[in-house]
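Please read the structure below before turning to the comments.
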Amino acid sequence: MRVDLNFYGSVPMTDAGNDGPKPTERRYGQTDYVACYNNLTHWSIEAEKAGIHCVWFTEHHFQYEGYEVTPNLILFGLAMAQRTKHIRFGQMFNVVPQWHPLRLAEDFAMADILTGGRMEFGVGRGTVPREAMALGSRVASGDNDMSAKDDAFNREQFEEAKEVIKAAWRNERFSFQGKHYQFPPVGIPDRGHEVLDLTLVPKPTRSVPIYQPVTSGETMEYVPRAGHQGVYWLMHPDYLAPRWEHYQHTYEQAHGTTLRPGENRVLVLTLHAQETREQAFAIGGNGHDEFCRFLTPYGRFTNYKGADGQKLPFGVQPTVTQSADQQIQLVDSIENCAQALKMYVERFGVEHFVFFLELPGLTRTQLTEQIEILTRRVLPQAGITLDALETPTQSPRYEFL
């Protein structure tokens, strides 16, 4: 079984929970950001010791509130790779419309070469207008009444950018003419000639899998047809099931091949495990609540079930009991967490888990303990054996002098 970790990159937060300051009223500074980076470095090293396959980081910008303070995941992953030997580092996710697509393609390719093929490439469309608009894109988000035009613009821009990146990676020479991007622009002079195509330098020296979250109806169609790995999170098993199956049917139809029940799909699960549910609530409950109150305005919890058995309404924050009972965020006893993992493996054929352990407010020591509890207690009790870490051989390793 492949088992990874995901970190949002949050600052130390001693007052996390429903009784703390409102998320929009928090404000942190440089010392806090550095403390976050030091923690992420420590947890990356500990993850490798524990046999974790890959650590994924999360891109966001201008987040003075302290929840997500890693703006460049390729750069950060490259730094982490120099402090470790085998573990991989990925982006969950590069917000593609906020990048120049050729700079993203170049940066990833170079980092993958320098790390000997230890990088993973994840892409997303973005959710936060503050960063999207400041960085040259547009996005419709859950906390405002932005028009559907912004969402359509963002989707078009994202899909074109992905075509550009794939063309640049897979061809010695490439050109692209679309609505949002033209490469090369018409009429570029170069030493007596007009530039008609471009060559990316460098390109990855291996075939790079592309990971993308599956959320809306449009991405349910796009991700499998594009051949991307589907990533799923924060869904009741009953709501996950049709999406999980739809990926398989759509992928098989589009590519003329047969997938295993869990192939090409990733399940992300929040997890905080203690000996008893009461202990898990006591230590991880405030972090769960802070995480939820931060993301509730974006409509992230509409795939929970409410008391009436219907989907939880937009803008309603789930309780830690709802999360545990519905097996969506596993803040629970070690035994119950293990049983939930067994259920996901048996029902969905999951082959690739990513665990989110970084509940706001946990100390470095507490989260390090969660890595140990996950790998030494929860996974064995669930009957899950970690894949062995191996030095990648698909890409020549760069030797620093």
Side-chain angles (χ1 to χ4, degrees), residues 2 4 6 53-54 56 59 73-74 88-97 99 101-102 104-109 111-112 117-126 154-176 178-181 183 200 203-233 235 240-268 348-354 392 394-395:
R2 175 167 169 178
D4 301 348
N6 172 222
H53 188 95
C54 178
W56 299 82
E59 178 189 348
L73 313 183
I74 296 172
R88 306 176 70 81
F89 293 96
Q91 306 97 50
M92 195 172 277
F93 300 93
N94 294 304
V95 184
V96 174
W99 281 77
L102 293 182
L104 179 57
E106 287 177 337
D107 285 2
F108 181 88
D112 198 53
R118 289 169 57 197
M119 302 293 281
E120 297 280 17
F121 190 65
V123 297
R125 293 177 51 220
N154 178 279
R155 189 178 299 282
E156 288 178 351
Q157 191 180 31
F158 171 86
E159 292 184 6
E160 279 197 13
K162 287 303 302 126
E163 289 185 50
V164 170
I165 291 169
K166 290 177 182 179
W169 278 354
R170 297 171 181 176
N171 298 285
E172 176 61 23
R173 298 181 177 185
F174 72 94
S175 61
F176 182 87
K179 180 178 178 180
H180 300 279
Y181 300 106
F183 299 120
L200 194 74
K203 290 182 284 294
T205 56
R206 64 186 178 99
S207 177
V208 177
I210 298 172
Y211 295 79
Q212 184 178 343
V214 179
T215 51
S216 65
E218 291 89 345
T219 54
M220 284 177 62
E221 296 296 328
Y222 172 78
V223 172
R225 293 190 184 281
H228 299 173
Q229 309 275 314
V231 181
Y232 302 80
W233 193 14
M235 294 182 188
L240 173 64
R243 291 168 169 81
W244 196 263
E245 293 167 4
H246 184 82
Y247 178 99
Q248 180 156 356
H249 297 153
T250 305
Y251 187 98
E252 290 176 346
Q253 182 182 54
H255 301 280
T257 188
T258 301
L259 296 179
R260 297 183 300 275
E263 190 175 3
N264 281 14
R265 280 149 288 175
V266 180
L267 182 61
V268 182
F348 299 96
V350 175
E351 300 178 3
H352 184 177
F353 282 111
V354 176
Q394 303 96 325
S395 182

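Note that the numbering runs from 1 along the sequence shown for the chain.
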Does the side chain of Val214 reach to within under 4.5 Å of the side chain of Arg265, using non-hydrogen atoms?
no
Checking ring pair (Phe, Tyr, Trp, His ring centres under 6.0 Å) against Phe121, which of Trp56, Trp169, Phe93, Phe89 comes through?
Trp169
Looking only at atom types and distance, does a side-chain atom of Gln91 sit under 3.5 Å from a main-chain N or O of Ile74, one as donor and one as acceptor?
no
Rounded at 0.5 Å granularity, tell me how far CG in Asp107 sits from CG in Asp112.
12.5 Å
Give the minimum heavy-atom separation between Pro213 and Val123, together with the two atoms involved.
CD-O, 3.1 Å
Closest heavy-atom pair and its distance - Asn171, Lys203:
O-CD, 3.6 Å
Residue pair Val354 / Met92: nearest heavy atoms and the distance that separates them:
CG2-CE, 4.2 Å
Residues Glu263 and His352: side-chain donor-acceptor under 3.5 angstrom:
no
I'd like to know if the side chain of Trp244 reaches the main chain of Pro261, judged simply by a donor and an acceptor atom lying under 3.5 Å from each other, with no hydrogens or angles considered.
yes
Using modelled atom types and a 3.5 Å cut-off, is there a donor and acceptor pairing between side-chain atoms of Glu59 and backbone atoms of Val95?
yes
Residues that His255 engages under ring-ring contact (aromatic ring centres under 6.0 Å, His included), provided they are two or more places apart
Tyr251
Calculate, to the nearest 0.5 Å, the distance between atoms CG and CD belonging to Leu200 and Glu172 respectively.
10.0 Å
For the atom pair CD (Glu163) and CZ (Phe176), what is the distance rounded to the nearest 0.5 Å?
4.5 Å
So among Arg125, Lys162, Lys179, which one has a salt bridge (charged side-chain N to carboxylate O under 4.0 Å, His left out) with Glu156?
Lys179
A quick test of your reading: do over 12 heavy atoms of other residues, nucleotides or ligands sit less than 6.0 Å from CZ of Arg225?
yes
Looking at every non-hydrogen atom in both residues, tell me the closest pair between Ile165 and Pro101 and how far apart they are.
CG1-O, 3.5 Å
Apply side-chain contact (heavy atoms from CB on, under 4.5 Å) to residues Tyr181 and Gln157 and explain how you reach the verdict.
CA-CA 8 Å; Tyr181 300 106; Gln157 191 180 31; 3.3 Å; yes
Check whether any side-chain N or O of Glu120 sits under 3.5 Å from a backbone N or O of Arg88 as a donor-acceptor pair, and report yes or no.
no
Any residue meeting side-chain contact (heavy atoms from CB on, under 4.5 Å) with Glu218, in chain and number order, not counting sequence neighbours:
Arg155, Ser216
side-chain contact (heavy atoms from CB on, under 4.5 Å) evaluation trace for Leu267 with Phe348
CA-CA 10 Å; Leu267 182 61; Phe348 299 96; 5.8 Å; no
Starting at CZ of Phe108, measure out to CG of Asn94 and round the result to the nearest 0.5 Å.
8.5 Å
Under a 3.5 Å distance rule, please check whether Asp4 uses its side chain to pair with a backbone N or O of Cys54 as donor and acceptor.
yes
Would the distance check show the side chain of Gln212 and the main-chain N or O of His228 forming a donor-acceptor pair, the cut-off being under 3.5 Å?
no
If we ignore hydrogens and angles and just use 3.5 Å, is the side chain of Asn264 paired with the main-chain N or O of Gln229 as donor and acceptor?
no
Drop me the distance from Tyr232's OH to Met220's CE, to the nearest 0.5 angstrom.
7.0 Å
